[in-house]
Amino acid sequence: MQPSRVKHTKTHKGHGRGHGKVYASRGTQLSFGSFGLKAEESTWLKANQLESARKVMARYIQRGGKIWIRVFPDKPRTARSSEIGMGGGRGALSHFVAPVEIGRVIFEIDGLPEVDARKALRLGAHKLPIKTRIVAR
């Protein structure tokens, strides 16, 4: 999961505003599904982490319901190879991240009984590096 094009591949990092206490001002309510996975911490989620969670949820529901991903990794991050000294400029584009704040809904799911939906969301939550909460409409 990544943008098809980016205007600038080497952007500023931005600031996290403290130590993980950034509260979301939008995307905090369920919009599509009946159940959702809400972030309890703020961090950057990598594209491969989101994809891993999506795949394990999709495998569990087996075409029984629908999954919505409410965040998209469109923030480019750079990295330099290890054992390189200081200087020499910035590294090449490495991966994309999605900034996630406290209270942001990451995934939504619908079309399943509550037990199955909660189980699928819990499996997806295990793949993410943050604390999450399952919310219902």
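Keep in mind that what you see is a predicted model, and the values were worked out from it rather than measured.
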Decide side chain to side chain contact (heavy atoms under 4.5 Å, CB included) for Ile130 and Ile106; before the verdict, give the C-alpha distance in whole Å, the side-chain angles of both, and the deciding distance to 0.1 Å. CA-CA 11 Å; Ile130 57 173; Ile106 304 170; 4.0 Å; yes

With a 4.5 Å cut-off on side-chain heavy atoms, are Phe72 and Met1 touching? yes

Could you go step by step and tell me if Phe96 and Asp74 meet the side chain to side chain contact (heavy atoms under 4.5 Å, CB included) rule? CA-CA 6 Å; Phe96 287 90; Asp74 57 356; 5.6 Å; no

For the pair Val97 and Leu45, evaluate side chain to side chain contact (heavy atoms under 4.5 Å, CB included) and give the outcome as yes or no after the intermediate values. CA-CA 5 Å; Val97 296; Leu45 291 179; over 6 Å; no

Taking the six-membered ring of Trp68 as reference, does the cationic atom of Lys66 (NZ for Lys, CZ for Arg) lie under 6.0 Å from its centre and within 45° of its axis? yes

Give the C-alpha distance, both sets of side-chain angles, the deciding distance and a yes or no for side chain to side chain contact (heavy atoms under 4.5 Å, CB included) between Leu121 and Ile109. CA-CA 8 Å; Leu121 288 169; Ile109 199 166; 3.8 Å; yes

Does Arg122 have any side chain to side chain contact (heavy atoms under 4.5 Å, CB included) partners at least two apart in sequence or in another chain, and if so, which? Lys119, His126, Ile134

4.5 Å side-chain heavy-atom contact, Pro73 and Lys46: no

Spell out, yes or no, whether Phe107 and Val56 are grouped together once hydrophobic residues are joined by side-chain heavy atoms under 4.5 Å, including indirect joins. yes

Under 3.5 Å: donor-acceptor pair, side chain of Arg137, backbone of Gly33: yes

Pairs involving residues 100-109, ordered by first then second residue, that meet side chain to side chain donor-acceptor pair (under 3.5 Å) (sequence neighbours left out): Arg70-Glu108

Sidechain-backbone polar pair: Lys127 side chain, Met57 backbone, donor-acceptor under 3.5 Å: no

